[in-house]
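Read the structure below first, then the notes.
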Amino acid sequence: MLAGLVAWLSTSGIAAWAGGGGVYPLANVVHLFGLVMLLGGIGIVDLRLLGAFPALPAEALSRALTPVAVAGLAVMAISGPVLFAADAASLVASPVFGWKLAMIAAALVNAAVFRWLLREGPGRRVAAAVSLSAWASVAVLGRMIAYS
């Protein structure tokens, strides 16, 4: 199925559009901006749940910054496929890209578990540590794709 998607992208003209002109650099900058929003927003909330910034109320901080993080994730979900389309064949073959996708899945599962099961209690510190680690790993793996 993935090979079919890559073949279709290669012949549809989408790859040429995504990789040509100013589209790819613009999508790359937008993707990075989304990452800053995501990691900046949820990272501060995670750090607060881990004990940093004790003077700031965790719930108020979460209410203010979680929407920023979600918006950043949405920006990345829109720009990521453009970046993928520009270089799908090499990305599919990259183990680093595979690890990045796995870490995104792990971070999203962790967020769902936190949201529905761990809002209170000791498990929320573990979920915050997993979140911070997973999203930071996504950022590092995303940068490492260029070197793999």
Side-chain angles (χ1 to χ4, degrees), residues 1-53 56 58 61-119 123-148:
M1 182 169 139
L2 200 50
L5 173 63
V6 171
W8 177 78
L9 282 171
S10 298
T11 60
S12 69
I14 294 173
W17 169 80
V23 175
Y24 187 85
L26 179 61
N28 210 337
V29 169
V30 168
H31 202 68
L32 181 59
F33 184 66
L35 174 65
V36 169
M37 291 172 63
L38 170 66
L39 196 52
I42 208 63
I44 296 296
V45 173
D46 289 339
L47 287 170
R48 173 60 190 95
L49 294 176
L50 290 169
F53 321 116
L56 299 175
L61 198 59
S62 179
R63 276 192 312 276
L65 294 178
T66 298
V68 173
V70 170
L73 183 61
V75 165
M76 293 175 72
I78 292 166
S79 59
V82 174
L83 297 174
F84 178 79
D87 200 19
S90 65
L91 288 173
V92 167
S94 169
V96 176
F97 182 70
W99 278 107
K100 178 184 175 184
L101 294 180
M103 290 307 298
I104 291 169
L108 291 173
V109 167
N110 181 67
V113 167
F114 175 81
R115 182 68 65 201
W116 290 306
L117 300 176
L118 300 175
R119 296 286 296 169
R124 73 190 211 150
R125 288 179 65 101
V126 172
V130 169
S131 172
L132 194 55
S133 299
W135 288 119
S137 295
V138 168
V140 169
L141 289 166
R143 290 305 315 136
M144 296 312 296
I145 289 170
Y147 306 103
S148 65

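Quantities reported herein were computed from a predicted structural model and do not represent experimental measurements. Residue numbers start at 1 and run along the sequence shown.
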TODO: Provide the full list of ring-ring contact (aromatic ring centres under 6.0 Å, His included) pairs with a residue in residues 84-106, sequence neighbours left out, each pair given once.
DONE: Phe84-Phe97
Task: Results of ring pair (Phe, Tyr, Trp, His ring centres under 6.0 Å) for Tyr24 - residues two or more places apart only - done: none
Open item on the list: I'd like to check Lys100 versus Ile104 (side-chain heavy atoms, cut-off strictly below 4.5 Å). Are they in contact?
Closed with: yes
- [ ] Determine the minimum heavy-atom distance between Pro25 and Gly21, stating which atoms define it.
- [x] CD-O, 4.0 Å
Task: Pairing residues for Ala27 by the side-chain contact (heavy atoms from CB on, under 4.5 Å) criterion, not counting sequence neighbours - done: Val82, Leu83
- [ ] For Ala128 and Leu50, work out which heavy atoms get closest and say how close.
- [x] CB-CG, 4.0 Å
Open item on the list: Just to verify, what does Ala58 make a side-chain contact (heavy atoms from CB on, under 4.5 Å) with, not counting sequence neighbours?
Closed with: Arg48, Leu49, Arg124
Task: Leu73 and Leu108, any side-chain heavy atoms less than 4.5 Å apart - done: yes
Open item on the list: For Val30, give me all partners under side-chain contact (heavy atoms from CB on, under 4.5 Å), at least two apart in sequence or on another chain.
Closed with: Leu26, Val75, Ser79
Task: Nearest non-hydrogen partners of Ala85 and Ala18, listed with the distance - done: CB-CB, 4.1 Å
TODO: Could you grab the distance from atom CG of Leu132 to atom CG of Leu39, nearest 0.5 Å is fine?
DONE: 7.0 Å
TODO: For residues Val96 and Ser148, report the shortest heavy-atom separation together with the two atoms involved.
DONE: CG2-CB, 3.5 Å
TODO: Please name all residues satisfying side-chain contact (heavy atoms from CB on, under 4.5 Å) with Ser12, sequence neighbours left out, ordered by chain then number.
DONE: Trp8, Ile14
- [ ] May I have all residue pairs that pass side chain to side chain donor-acceptor pair (under 3.5 Å) and include part of residues 125-143, sequence neighbours excluded?
- [x] Asp46-Ser131
Open item on the list: For the OG atom of Ser62 and the CZ atom of Arg115, what is their distance to the nearest 0.5 Å?
Closed with: 5.5 Å
Task: Interatomic spacing from CG in Leu101 to CE in Met103 - rounded to 0.5 Å - done: 11.5 Å
